[in-house]
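Each remark here refers to the structure printed beneath this line.
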Amino acid sequence: MALYLYNTLGRTLQEFKPITHGKVGMYACGPTVYTFAHIGNLRTFIFEDILRRTMEHLGYEVTHVMNITDVGHLTDDADQGEDKMTRSAREKKMSVWEIAEFYTQAFLNDMKELNLNSPTVICKATDHIDDMIELIKKLEKKGYTYRAGGNIYFDVERFPDYGKLALLDKQELKAGARIQVDEYKRNPRDFVLWFTRSKFDHQAMMWDSPWGRGYPGWHIECSAMSMKYLGEQFDIHCGAIDLVPVHHTNEIAQSEAATGKKWVNYWVHGEFLLMGEDKMAKSAGNFITLKDLKEEGFDPLDYRYFCLGGHYRVQLQFSREALKAARAARLHLTERVKEIRERTSPSELSEIGEKGKSYIDSFRGNLSHDLNIPRCLSDLWGVVKDVELSDAEKLAIILDMDRVLGLRMEEAKREELDEAQLQLIRDREEARRRKDFVRADAMREELKKQGIILEDTPDGTRWKKIE
RNA sequence: GGCGCCGUACCCAAGUGGUAAGGGAGAGGUCUGCAAAACCUUUACGCACCGGUUCGAAUCCGGUCGGCGCCUCCA
């Protein structure tokens, strides 16, 4: 089944055709590790995980590369003083290297808890300074750069297609609207490839280069590392929507200028998470982290489920109410799967009947249509509730769908009780037979204190643990 | 000012010109010693508003109102 993706380059839905048959090279812009990722950042990584799992589900062998931006870059709108990493280091009384390592680990932990499959390659900017220098040298040789005020700039005038991704030619740039204009730039859209003169007082990370001791510009790392691991041309580059006008635009310019080839075929961008009505941003101070949600009693997978409820290209409104709804839905789902598994083991996918196949087809169709995950979730619920499917079929289909959704359905199994608890349940059943309901209710109350809920059914008493 | 996105039930939200997915919450019912779970039924003659195209519009076109994002930190 053909996969259709919305390509920001061209702004249309396009059939995905890989460069190499059966394989996909995919680069995802990773986190900047000077503080904890907030749940808005994490939405993007959940989307990328879904994209990667979808392609694998459709039979592609995926090479997924994600970078870690551990070189500090700028502070805020004022753009002066210290860089992010330096400031964070000062506040935490740690070195910039320790800060980067600490938040990198925190991020990788978030990924694990959200059940994000680990990228094939995770690469740190600071491990690839030489690759960046080589790329800048190449650009310099071809005449795409100029030196001014101690820095090396990329000259956008030399690259005619500049801004194609972001439709910048249709926009009027309001230069200096938010940021002071860099007096050394020939064109306001020019950007720095290598700094030797830091804007910051206490620049901590510095490297030697042909242009002097300094540090790389922000955009060069993604070009250098993606081409190192995926080649000069690859299939998909993704990230959040805010990266389109500057970061990705500049990446394209420097990459294609260096190689003279088209760099990336499909650009796939995820929309923002909104906090109430506004965007969630570190600078606005209205952000929350996965840790915050856990402290409020949510499971990271509740947040994953919540994100799956909205399409990746549409802004999603976060609220505690909406997250609670997602949690309730996920717990119901998990409970249902536990019940099914208790009765059966999954059948072979090849033995699924017509009715079951229609769900699988629907699911794949929705996936293929620009990752319509909300519809896929709807298909999943359809399977769970269908009265014509056998339990074995249901379980097989659910587990198959979950390879994409990543809700850990394979772990939805009945927990174990100890012998004393099992005995108490048997005693209670005995009391019920004697119609000693006062005693029976007391025992149920006692089990509830131990976190066990009882349900009396015509087939006997069932129990489950409270989450 | 320029560019882009979006207004669907109490809430989140899908919708690919053919008669409004799904989840949550609420209500009624079946079952039950009670409870819970499960299941069944139910909640938008209508998709911000006004025109237009069409046999047919939530979907396409134009306009109005409202919201969000971006315009060199940004997921």
Practice task
At under 4.0 Å between heavy atoms, which parts of nucleotides 5-21 of chain B does protein reach? Answer with one letter per nucleotide, 5' to 3': B base, S sugar-phosphate only, - none.
Solution key: ------SSSBSB----B
Completion exercise
In 5'-to-3' order, the base (B), backbone-only (S) or no-contact (-) status of each nucleotide in nucleotides 26-32 of chain B, using a 4.0 angstrom heavy-atom cut-off, is -------
Exercise for the section: Using the ring of A:Y6 (Phe, Tyr or Trp, six-membered ring only), decide whether A:R313 places NZ or CZ under 6.0 Å from its centre and within 45 degrees of its axis. Expected result: yes
Name the nucleic acid region contacted by [X], choosing base, sugar-phosphate or nothing; use a 4.0 angstrom heavy-atom cut-off, strictly under.
| X | value |
| --- | --- |
| A:R428 | base |
| A:D441 | base |
| A:L454 | base |

Practice task
For RNA chain B, write out the stems as range with range, using runs of 3 or more consecutive Watson-Crick or G-U pairs with both distances under 3.5 Å.
Solution key: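 Consecutive-pair runs (3 or more) involving RNA chain B: B:1-7 with B:65-71, B:10-12 with B:22-24, B:25-30 with B:38-43, B:48-52 with B:60-64.
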Handout entry: Full working for side chain to side chain contact (heavy atoms under 4.5 Å, CB included) between A:M55 and A:I236
Key = CA-CA 11 Å; A:M55 291 186 298; A:I236 298 180; 3.5 Å; yes
Handout entry: Upstream residue (5' side of RNA chain B) when A:E455 and A:A326 are each assigned their closest nucleotide
Key =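 Whichever sits nearer the 5' end wins; that is A:A326.
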Handout entry: Nearest-nucleotide 5' precedence on RNA chain B, A:Y305 against A:L42
Key =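 Checking each residue's closest nucleotide, the 5'-ward one belongs to A:Y305.
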Exercise for the section: Report the relative orientation of the aromatic rings in A:F154 and A:F159; use parallel for angles under 30°, tilted for 30 to 60°, perpendicular for over 60°. Expected result: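 The arrangement is perpendicular - the two ring planes meet at more than 60°.
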Exercise for the section: Indicate whether the side chain of A:D361 and that of A:S358 have a donor and an acceptor atom separated by less than 3.5 Å. Expected result: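 No donor-acceptor contact under 3.5 Å links the two side chains.
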Exercise for the section: Assess the side chains of A:T12 and A:Q14: does a donor N or O sit below 3.5 Å from an acceptor N or O? Expected result: yes
Exercise for the section: Mark yes when over 12 heavy atoms from residues, nucleotides or ligands other than A:R439 sit less than 6.0 Å from its CZ; otherwise mark no. Expected result: no
Fill in the blank from the handout: Those residues at least two apart in sequence (or on a different chain) that pass side-chain contact (heavy atoms from CB on, under 4.5 Å) with A:V33 are A:P31, A:I68, A:D70, A:A100, A:Y103, A:T104
Exercise for the section: With sequence neighbours left out, write down each residue that passes ring pair (Phe, Tyr, Trp, His ring centres under 6.0 Å) with A:Y266, or none if nothing qualifies. Expected result: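 By the ring pair (Phe, Tyr, Trp, His ring centres under 6.0 Å) rule, A:Y266 matches A:F16.
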Check: protein-nucleotides 38-44 of chain B nitrogen or oxygen pairs below 3.5 Å:
residue: B:A38; atom: O3'; partner: A:R336; partner atom: NH1; Å: 3.3
residue: B:C39; atom: OP1; partner: A:R336; partner atom: NH1; Å: 2.5
residue: B:C39; atom: OP1; partner: A:R336; partner atom: NH2; Å: 2.3
residue: B:C39; atom: OP2; partner: A:R336; partner atom: NH1; Å: 3.4

Practice task
Would you check, one step at a time, whether the test ring pair (Phe, Tyr, Trp, His ring centres under 6.0 Å) holds for A:W194 with A:Y215?
Solution key: CA-CA 6 Å; A:W194 188 268; A:Y215 59 101; 7.5 Å; no
Exercise for the section: Output, in order, the C-alpha distance, side-chain angles, deciding distance and verdict of ring pair (Phe, Tyr, Trp, His ring centres under 6.0 Å) for A:H237 and A:Y27. Expected result: CA-CA 5 Å; A:H237 193 131; A:Y27 185 86; 5.0 Å; yes
Handout entry: From B:G24, B:G4, B:A36, nucleotide with atom closest to A:L167 side chain
Key =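 Among the listed nucleotides, the one closest to the side chain of A:L167 is B:G4.
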